[in-house]
Amino acid sequence: QKGAKTMVLLEDVHNQLSKERSNYERLMVQMLQSSFDLQEREDEVASLRKLLTSTSKISAKRERGDDQKVLLQLSRKLETLLVDNEDLREQNEKLFKDAQNGETEHAKETHLNKSEM
């Protein structure tokens with residue numbers, strides 16, 4: 001039966017169209033709400049990224065400041081140690097010269113004492 005026709009009531013077609021339109025509208029509202037929620041989350045993520053970036057920059061500046069402070073303290077300590085080292089060298093040289101002079105004078109005294117005998 002090649003040309004068999006099925007009869008459908010127009011009222012049933014309108015009812016089905018109404019249901020499908022209602023489902024479509026409900027899906028559109030859900031999709032709009034999802035889009036809105038997604039945009040809010042994307043804005044929140046962008047805001048948090050900016051906050052993270054600025055916090056990282058502030059942290060890096062603080063670390064550089066701390067590094068500079070430590071470097072300055074170490075430079076001062078090194079300078080103090082170098083000055084102390086130079087003072088000790090001078091004292092050592094003076095003691096060495098005094099020791100040499102003492103030996104020379106002791107030798108002279110010993111030589112004089114031997115000559116007097």
Next item on the list: Any pair with a residue in residues 42-51 that passes salt bridge (Lys or Arg N to Asp or Glu O under 4.0 Å), sequence neighbours left out, goes on the list, sorted by first then second residue, please.
Entry: Arg41-Glu44
Next item on the list: Flag yes if more than 12 heavy atoms outside Arg26 fall under 6.0 Å of its CZ atom; otherwise flag no.
Entry: yes
Margin query: Can you list everything that forms a side chain to side chain contact (heavy atoms under 4.5 Å, CB included) with Val13? Sequence neighbours excluded, please.
Written below: Val8, Leu17
Note to self: Among residues at least two apart in sequence or on other chains, which ones pass salt bridge (charged side-chain N to carboxylate O under 4.0 Å, His left out) with Asp12?
What the structure shows: none
Next item on the list: Could I get the full list of salt bridge (charged side-chain N to carboxylate O under 4.0 Å, His left out) partners for Lys97, not counting sequence neighbours?
Entry: none
Item checked: Results of side chain to side chain contact (heavy atoms under 4.5 Å, CB included) for Met28 - residues two or more places apart only -> Tyr24, Met31
Notebook entry, point to check: Considering residues at least two apart in sequence or located in another chain, which fulfil the side chain to side chain contact (heavy atoms under 4.5 Å, CB included) criterion with Gln100?
Noted result: Phe96
Check: Which other residues end up in the same hydrophobic cluster as Leu32, if Ile, Leu, Val, Met, Phe, Trp and Tyr are linked when side-chain heavy atoms come under 4.5 Å apart?
Finding: none
Margin query: Applying side chain to side chain contact (heavy atoms under 4.5 Å, CB included), can you list everything that pairs with Gln33, at least two apart in sequence or on another chain?
Written below: Phe36, Asp37
Next item on the list: Taking side chain to side chain donor-acceptor pair (under 3.5 Å) as the test, write out the residues that go with Gln30, two or more places apart.
Entry: none
Note to self: Are Glu25 and Val29 packed together at the side-chain level, in the sense that at least one heavy-atom pair is separated by less than 4.5 angstrom?
What the structure shows: no
Scan the side chains in residues 58-87 for donor-acceptor partners under 3.5 Å anywhere in the protein, sequence neighbours excluded, and list what turns up.
| residue | atom | partner | partner atom | Å |
| --- | --- | --- | --- | --- |
| Ser75 | OG | Leu71 | O | 2.9 |
| Thr80 | OG1 | Arg76 | O | 3.0 |

Next item on the list: Only counting residues at least two apart or in another chain, list the ones meeting side chain to side chain donor-acceptor pair (under 3.5 Å) with Asn101.
Entry: none
Next item on the list: Please name all residues satisfying side chain to side chain donor-acceptor pair (under 3.5 Å) with Glu90, sequence neighbours left out, ordered by chain then number.
Entry: none
Item checked: Distance (rounded to the nearest 0.5 Å) between Gln91 CD and Asp98 CG -> 11.5 Å
Check: What distance separates Ser34 OG from Leu38 CG, expressed to the nearest 0.5 Å?
Finding: 8.5 Å
